[in-house]
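Data block below; observations after.
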Amino acid sequence: MSATPISQSTRYYRQGISKVLWVPSIATLSAPTRSEINAGIDLSPEISATSGWEVTGNTEDVNALGSRFTGKVPSNTEAGDSSLTFFADATSVDVRAVLLRGDFGNIVWMDEGDVAGYLMDIFPVQVTGVPKQRDITAVAEIMVNFATLREPAENVVIPA
């Protein structure tokens with residue numbers, strides 16, 4: 001008898017489906033309310049690029065005098081540097097009206113859209129910088145950099 005195969009996924013393309021929200025306040029990261037989510041701002045329509053937004057695990061070497069084999073054990077997890085890049089507006093009415101250096105809040109990733117019962121990830125963050133991207137041969141953009149302050153809540157059920 002062979003092993004049971006994993007269920008086949010329904011593949012999708014993120015553009016037009018995924019949602020990224022700025023939610024200023026969430027009392028319990030593992031169980032946000034619909035009113036907390038609705039108080040957020042949907043950043044998705046203006047995002048041109050993303051970087052980071054993942055939790056990774058580290059390992060430590062395990063050496064024993066009685067063996068020449070070096071094993072590994074899991075140690076800390078971390079969320080590295082993350083950013084969102086937005087289109088800049090020719091009249092200055094853009095992300096700069098929403099996110100400023102020093103702001104505290106939560107970035108909420110709804111990868112399959114804002115659908116009750118689906119899963120989301122919540123990153124408690126502080127804005128560390130809002131640099132303008134000044135490439136004269138590209139569309140004007142503004143990058144917003146974030147520091148993840150605490151352990152993100154992953155795979156949280158989106159409330160109805």
Side-chain angles (χ1 to χ4, degrees), residues 3-59 74-133 138-160:
T4 303
I6 189 170
S7 298
Q8 185 172 355
S9 62
T10 302
R11 293 165 180 97
Y12 68 101
Y13 190 70
R14 289 188 185 282
Q15 286 181 324
I17 294 176
S18 296
K19 297 290 181 191
V20 179
L21 310 180
W22 170 253
V23 181
S25 179
I26 297 176
T28 305
L29 290 184
S30 61
T33 65
R34 175 44 65 179
S35 61
E36 288 172 324
I37 290 171
N38 289 347
I41 297 171
D42 183 359
L43 303 173
S44 310
E46 289 297 308
I47 295 173
S48 62
T50 68
S51 178
W53 306 109
E54 56 196 21
V55 178
T56 58
N58 295 310
T59 59
S75 63
N76 297 329
T77 57
E78 66 182 6
D81 294 335
S82 296
S83 67
L84 298 171
T85 303
F86 297 85
F87 295 109
D89 184 81
T91 64
S92 300
V93 182
D94 49 38
V95 72
R96 293 173 284 181
V98 178
L99 298 172
L100 300 172
R101 186 178 336 116
D103 285 352
F104 290 90
N106 301 279
I107 292 293
V108 176
W109 280 89
M110 299 173 166
D111 293 306
E112 293 83 34
D114 187 353
V115 180
Y118 285 14
L119 302 177
M120 63 182 163
D121 294 337
I122 304 169
F123 289 77
V125 297
Q126 182 175 12
V127 177
T128 61
V130 187
K132 297 154 193 83
Q133 307 299 291
V139 173
E141 295 178 320
I142 299 168
M143 178 185 289
V144 180
N145 300 312
F146 299 88
T148 302
L149 303 172
R150 297 186 319 277
E151 185 173 0
E154 297 178 280
N155 302 316
V156 175
V157 175
I158 298 172

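- A donor-acceptor contact shorter than 3.5 Å is absent between the side chain of N106 and the backbone of V108.
- Scanning all heavy atoms of the two residues, the minimum distance from P24 to G40 falls at CD-CA, 4.3 Å.
- Residue V156 comes nearest to A31 through the heavy atom pair CG1-N, 4.5 Å, listed as atom of the first residue, atom of the second, then distance.
- Of all the heavy atoms in R14 and D111, the pair that sits closest is NH1-OD1, 3.0 Å.
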Between D81 and N145, is a side-chain contact (heavy atoms from CB on, under 4.5 Å) present by the stated rule, with each step listed? CA-CA 8 Å; D81 294 335; N145 300 312; over 6 Å; no

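- The side chain to side chain contact (heavy atoms under 4.5 Å, CB included) test with V144 is passed by exactly one of D103, V95, I47: V95.
- Remark: E151 CD is loosely packed, at most 12 non-hydrogen atoms of other residues, nucleotides or ligands lying under 6.0 Å away.
- Residues E141 and T85 bring no donor and acceptor atom of their side chains to less than 3.5 Å of each other.
- Between K132 and I142 the shortest heavy-atom distance is CG-CG1, 4.3 Å.
- Nearest heavy atoms, T148 versus G80: OG1-O, 4.5 Å.
- Ring geometry for W53 versus F123: interplanar angle over 60°, hence perpendicular rather than tilted (30 to 60°).
- The backbone N or O of A27 lies less than 3.5 Å from a partner atom in the side chain of E36, making a donor-acceptor pair.
- No side-chain N or O of S30 forms a donor-acceptor pair with one of T28 less than 3.5 Å apart.
- Counting heavy atoms of neighbouring residues, nucleotides and ligands inside a 6.0 Å radius, atom CZ of R34 exceeds 12 of them.
- When side chains are defined from C-beta on, M120 does not count as touching D114, because their heavy atoms never get closer than 4.5 Å.
- Note: F87 CZ to E46 CD = 7.0 Å, rounded to the nearest 0.5 Å.
- In the displayed structure, Y118 atom OH is contacted under 6.0 Å by at most 12 heavy atoms of other residues, nucleotides or ligands.
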With side-chain contact (heavy atoms from CB on, under 4.5 Å) as the test, would you mind laying out the steps for T56 and E78 before giving the verdict? CA-CA 6 Å; T56 58; E78 66 182 6; 3.8 Å; yes

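- A donor-acceptor contact shorter than 3.5 Å links the side chain of D121 to the backbone of N155.
- Other residues, nucleotides and ligands contribute more than 12 heavy atoms inside 6.0 Å of the CG atom of D42.
- Summarising the geometry, atom OG belonging to S18 is positioned 11.0 Å from atom OH belonging to Y13; distances are rounded to the nearest 0.5 Å.
- Within the model, atoms CD1 of I17 and OH of Y12 stand 7.0 Å from one another, a figure rounded to the nearest 0.5 Å.
- A 4.5 Å side-chain heavy-atom check between L149 and F104 finds at least one atom pair inside the cut-off.
- In this structure, the side chains of F146 and I107 come closer than 4.5 Å at one or more pairs of heavy atoms.
- Heavy-atom minimum distance, P124 versus R150: CG-O, 3.6 Å.
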Walk me through it: do L43 and L21 pass the test side-chain contact (heavy atoms from CB on, under 4.5 Å)? CA-CA 5 Å; L43 303 173; L21 310 180; over 6 Å; no

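- To the nearest 0.5 angstrom, I158 atom CD1 is 4.5 Å from M110 atom CE.
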Applying side-chain contact (heavy atoms from CB on, under 4.5 Å) to W109 and T50, what does each step give before you reach the verdict? CA-CA 11 Å; W109 280 89; T50 68; 3.6 Å; yes

